[in-house]
Amino acid sequence: MTAPLHQALQKLDTIILGKPAQLRLAMTCLLARGHLLIEDIPGVGKTTLALALARVLGLDFQRVQFTSDLLPADILGVSVYESREATFRFHPGPIFSQLVLADEVNRASPKTQSALLEAMEERQVTVEGTTRRLPEPFFVIATQNPAQQIGTFPLPESQLDRFLMRVSLGYPPPEAERALLQERERRDLLAETPSVLAPAELLALQQQVQQVRTAPALIDYLMALIQRTRELPGLRQGLSPRAGLALRRAAQAWALIEGRGGVIPEDVQAVFVAVVNHRLVAAAEREGAAISAEEVLAEVAIP
Amino acid sequence: MNEYLPLVSLWRLLAVLALVISPHVLRLPVWETALIAAVIGWRALAAYKQWRLPPVWLKLGLTALAFIGVLWSYQGRISGQNAGTALLCVMAALKLLEFRDRRDVMVVVFLMYFMLMTHFLFSQELWTVAYLIVCVVATTAVLVECQHRGALAPRFTLRKGGAIALQALPLMLLLFILFPRIPGPLWGLPADAGAARSGLSDRMAPGDISSLIESDETAFRVTFDGAVPPPAARYWRGPVFDNFDGRAWEEGFATLVPGYGPEVDLRGRPVRYEITLEPNRARWLFALDMPDESSIPEDAILGREGQLLARKLVRERRRYTLTSFTDYRMAQTPQHPRRYLRLPDGFNPRTLDFAQRLRDQYPQDLDYARAILRIFREQPYVYTLQPPALGRHSVDEFLFDTRRGFCEHYSSAFAVLMRAAGVPSRVVTGYQGGQLNEFGGYYVVRQSDAHAWVEIWVAPDGWIRIDPTAAVAPERIEQSIEAALSELEGLPGHLSARTRLRYYLEARWDLINAQWNGLVLAYGPELQQQFLSRFGLDDMRRMILTLTIAITGTLALLGLMLLRKAAPARTEDAALREWHRLARKLTRAGLPPRPAEGPQDYVERVAAARPSWAAALRHIAGLYLHSRYQLDPETAPLRELAHAVRSFRTS
């Protein structure tokens, strides 16, 4: 069952060069039914990553460029009066796609941001009194540019919590960059790539994630990690129970990709930074404490 | 007012206090019992009605009065078992008057524990122990409750109290076995210890022995080693009396020189037996008929008259083994024959006259004795527990007027008749018979088996035993006192006919008591020494050292158990143990695990450093992860893991 996953990951590796860890995390996030936040400067391949994922997994894809004048209706859709039929007809917005890339989400107004985040959380959209379900699977990749903060609305802490993971891509390593420069355009390559997974298979895999076992000993470890974040000096709030659940689900998805029936500490460690950092660091920044998820990980012994 | 103790908890405490004090009530002066009851009652009501505590002058006044009251009631003493206990009880009750915080509660609870121990000064019987165990559990339940804010359900506190008492059991056993028992007054009870006991005295007046029959107390228990003599031969010899003052028999002159016992010619088969003697506050040690002088206990003397005496008063239950003979000849001539013939002047003239006349008919000593026995048997003499009162000439009145008597009347009259005819005679008291306890295989001899008989000196046989009671009531000797008296009115309850069930219960209870006595109460200095020397602990210092180590060990063990209980107990802990074993091996090889390192990462790091171990380590890590993190619910390859870890070698 996990064989197509590895095939997909291999394919992705040939498109996004030198970023196997991030690709794997992105896949984990998708399997765990979470949403992904990519924080990076423009041009490092965020869009390519989203496109590649959509392509390889056979998902339909929409991209929304967030600007300060973007309205909620521009994302969710709008009812238009059709004079010929004399009725209002709903024109679904870009959110009605299996994979949505929300580019530079911090440029839009908080109102628009929250429309997107609400849809992400609820997996349904209510426009003019009618509730419409979003397609399944549903996966949002949002990007944020941390370097240009002028005139932006950075996502508030509570909204950040809606993203299962935050990853950064960063510059590719030198040999990957060389290959990138030598070879063809990545987008062209993408067009020729066949999809290796059907959406139904992906849904089945998402179901399977929840069956991955978490032994009492592993729960002990999770508890120790969570407890440690609550005892950190200078930090008034540690991880919430929701964050704990997210951590567990991400670790389960990681274990599934690894082909294990149960979660081991290494699985938790693999996803910990991606799952926890944006939740912790936001609070830490506000309170002026320098905390990183890596430190927590290094400090907590495996029970 | 009771933020430190809820009302209902206070009431429970008072109830337990009453429970703890109540066995003392009969021993305490009446005014003290009343005062204690009043204070407890007042305290219960005061808490309910929210009354104020009494002022200081009242508390001080009551305390002083109670102190003086104890002094007055016990002739100026506040120490000693009775006065000390009285003082403790009344002061513990008065403590209730100044009950204002948790500390006071604790003081009373600990006083209760202390009061519990004082009961042992008065009784160490089994039922006392059972009662005190109940009290200990209840007191501990109160202690548990006092440590909590808010009342607790008695079901919970009693269970907890019971559990705590149970946990103290190993320590109690250790202390019981190892705590040094030093003989002598330091550890012994004061002279007034123990309830007054009935028993044979060193004097025999009419009515003395029949009053003993009222008592169902055990005199001693006997375990025979081998064949048991028939009831008619079971004469347990006690005090021997040679001096008659006209009414009572006394010991006049006893020859008590060690190694100078009776000159006897022992015949027949020896009888070996062990006697467990209840404390009788006298020096008598009872023996079956004629004991072999070489078999008597070290601290005993066998008198020339065949009576066995201890050097000291028998204050504690003691056990001794003896060899006796029921067939013997005591042919020694009396050293002072006149003292066995002496009769006081001016007493019993009719008897003396009668003896003269009878003697003329029977010149032979033995014929004369038989003639008297025949008179007892054939004439209307009655064996009864309630003989009429006798006046100055007691033997005259008994022989010729009342003709109703108990064994002391018959033996006394017989001895006087013999002396009046010039035949040396003496009265022997002791016990006769004994009842078999089927369950324990031993015989119980009770105070109600007390008996008196006569020995006369006849040439050439020497002293021979004559039991005049046997002539009147042969059942007494051949069966038991119950058989002899069964048709009589006013028989004490314990002698009336027994149902099978009653016999069963009594015998069982007696056996339990006998075992309690033998195993627990008899564990004194000698038994302790004997028991501990088996383990090489024959000197005191070593014993104390062992005691200290044992107590420390027990406490440490209890502590470890508590720690273990606090730690999570899971099946995969076994896997973790194996993993730690592997980590220790690798640590010795210079590759310790890092605390936050996952097992797989660790193994890979080690494998990178020592490629030759890689395969084995990966195998172990796989098994460990399987066992501990349930990778596959079907298998928990613990055994394989343990084997793999053990066979892994770093060298």
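Throughout, protein chains are lettered first and strands after them, A, B, ... in sequence-line order, and every chain is numbered starting at 1.
With sequence neighbours excluded, no residue forms a side-chain hydrogen bond (donor to acceptor under 3.5 Å, both in side chains) with R178(A). Partners of A8(A) by side-chain contact (heavy atoms from CB on, under 4.5 Å), not counting sequence neighbours, listed by chain and number: M27(A), V56(A), L57(A), V196(A). Residues passing the side-chain hydrogen bond (donor to acceptor under 3.5 Å, both in side chains) test with D13(A), sequence neighbours excluded: none.
Looking at P599(B), both its backbone and its side chain come within 4.5 Å of chain A, counting heavy atoms on both sides. Both the backbone and the side chain of L218(A) come within less than 4.5 Å of a heavy atom in chain B.
A 6.0 Å sphere centred on CE of M106(B) holds more than 12 heavy atoms belonging to other residues, nucleotides or ligands. Summarising the local packing, CZ of F176(B) is surrounded by more than 12 heavy atoms from other residues, nucleotides or ligands at distances under 6.0 Å. Around the NE2 atom of H643(B), the shell of radius 6.0 Å holds no more than 12 heavy atoms that belong to other residues, nucleotides or ligands. Crowding of Y171(A) atom OH: a count of heavy atoms from other residues, nucleotides or ligands under 6.0 Å not exceeding 12. Atom NZ of K160(B) sits in a sparse spot, with 12 or fewer heavy atoms from other residues, nucleotides or ligands closer than 6.0 Å.
Residue W579(B) holds its CH2 atom at 9.5 Å from CD1 of I302(A), rounded to the nearest 0.5 Å. Between L576(B) atom CG and D220(A) atom CG the span is 10.0 Å, to the nearest 0.5 Å.
At a heavy-atom cut-off of under 4.5 Å, chain B is reached by R260(A), G261(A), G262(A), V263(A), I264(A), P265(A), E266(A), Q269(A) from residues 259-275 of chain A, listed in order of number.
The two residues A596(B) and V300(A) make their nearest non-hydrogen contact at CB-O, 3.1 Å.
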